[in-house]
Amino acid sequence: MPELPEVETTCAGIAPHITGQLLRKVEVRDGRLRWPIPEDLNEIVAGQTLVKVTRRGKYVLMHFQTGGLIGHLGMTGSMRIVTADEPPAYHDHFDLCFDDCLVRYRDPRRFGSLLWQDYPLEEHALLADLGPEPLTDDFNVDVLHTACKGKKQPIKTLIMDSKKVVGVGNIYANEALFMAGINPNRQAGRVSRKRLAVLVEAIKQVLADAIKQGGTTLRNFVDSEGNPGYFKQQLQVYGRTGKPCRHCGEALIEVRLGQRSTVYCRHCQR
DNA sequence: AAATTCTCCTGAAGGC
DNA sequence: TGCCTTCAGGAGAATT
């Protein structure tokens, strides 16, 4: 499942191949994604030149002349560069056909999306209310402290709320909370400012480390097979229910928070 | 207003 | 071996 680091890796992987190129056509084989791919998308964007590729949260933004494509990889989406003679496989739902190559989108569970927005892109409903980027200075202890003030919701669900901060998925939320020594169940408003500062740094570090990992698996990513980057990194808690905490040895426990599996150490995380 | 639950989907994994 | 059920989860929508 693509998390922010995988999206970052995807953007970095496709950008050099398509930046400055003319988009000839959007070839949609199955437009039934999270939201249907707009019927008139090809009419709008075909013939426009790609100016740049950026990322906002987990959204891939392809900036053209009059607006941009807003892509999301959902749970199982991937974008890779292929040549025009490569036949599409099952679940390859659309191609962005540029002059020299195609961006081929594959997504078995179809939780992803492809939408269009005229400039300015941030006016799109999906982008308008997003919180700060976690790896910039816009995400800091002041912002998080304000967001947590008076909140009774668990700290874990708060940091996974894209209106508070973008790009913190379930895996990295688990890992960051372990790194910060904070119990995922703890009410957000009852985490001290000092500990929130530690959490901010943990989130930044976990994501930055994963981007480094993602960078190392870029080739796999483009090749097709290969595990996503986070499988290669040393996960401390996610997927380790019942196994010994790497700090104290106590068995890690799992609970459900907001329908998401939450793993933590009762001893190390308060 | 805030917090929780539901929803989309398919492939993998587990049970018998 | 095969069929069934359960689970995973991003994140907006719906509900409490």
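Convention: sequence-line order gives letters A, B, ...; per-chain numbering from 1. As the structure is a computational prediction, the values presented were derived from the model and not from experiment.
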What one should report as the nearest heavy-atom pair of A/T19 and A/K52 is CG2-CA, 4.5 Å
Atom CD1 of A/I171 and atom C1' of C/dA11 are separated, to the nearest Å, by 15 Å
In whole angstroms, the gap separating P of B/dC8 from CG of A/L73 amounts to 22 Å
Should the pair A/R55-A/E133 be classified as a salt bridge under the 4.0 Å nitrogen-to-oxygen rule?
yes
Original post:
Within the pair A/S162 and C/dG12, is there a side-chain N or O less than 4.0 Å away from OP1 or OP2?
Top reply: yes
Look at all strands and tell whether A/R34 reaches a base, only sugar-phosphate, or nothing, counting heavy atoms closer than 4.0 Å.
-> base
Here the distance between atom C1' of C/dA11 and atom CG of A/L4, to the nearest Å, is 15 Å
**Asked** Quick check: does any side chain N or O of A/E3 sit under 3.5 Å from a backbone N or O of A/I171, one acting as donor and the other as acceptor?
**Response** yes
To the nearest angstrom, the CD-C1' distance between A/Q259 and B/dT7 comes to 11 Å
From the list A/D95, A/L102, A/L96, side-chain contact (heavy atoms from CB on, under 4.5 Å) partner of A/E27 resolves to A/D95
message = Taking the ring centre of each residue, are A/F178 and A/H247 less than 6.0 Å apart?
response = yes
Taken to the nearest whole Å, CZ/A/F111 to C1'/C/dG12 is 12 Å
What contact category does A/T157 fall into here, base, sugar-phosphate, or nothing, at under 4.0 angstrom with non-hydrogen atoms?
nothing
Taking for A/R260 and for A/P154 the nucleotide of DNA chain B with the nearest heavy atom, the one nearer the 5' end belongs to A/P154
**Asked** Taking NZ, NE, NH1 and NH2 as the nitrogens, is one of them in A/D142 or A/R193 under 4.0 Å from a carboxylate oxygen of the other?
**Response** yes
Between NZ of A/K156 and C1' of B/dA3 the distance, given in whole Å, is 15 Å
Within residues 86-94 of chain A, those residues having any heavy atom closer than 4.0 Å to DNA chain B are A/Y90, A/H91
By nearest-heavy-atom nucleotide on DNA chain C, the more 5' of A/M75 and A/L126 is A/M75
- Message: What contact category does A/R32 fall into here, base, sugar-phosphate, or nothing, at under 4.0 angstrom with non-hydrogen atoms?
- Response: nothing
Between CG of A/L130 and P of C/dA11 the distance, given in whole Å, is 9 Å
Here the distance between atom P of B/dT10 and atom CZ of A/R110, to the nearest Å, is 4 Å
| field | Side chains of A/Y264 and A/N185, donor plus acceptor under 3.5 Å | value | yes
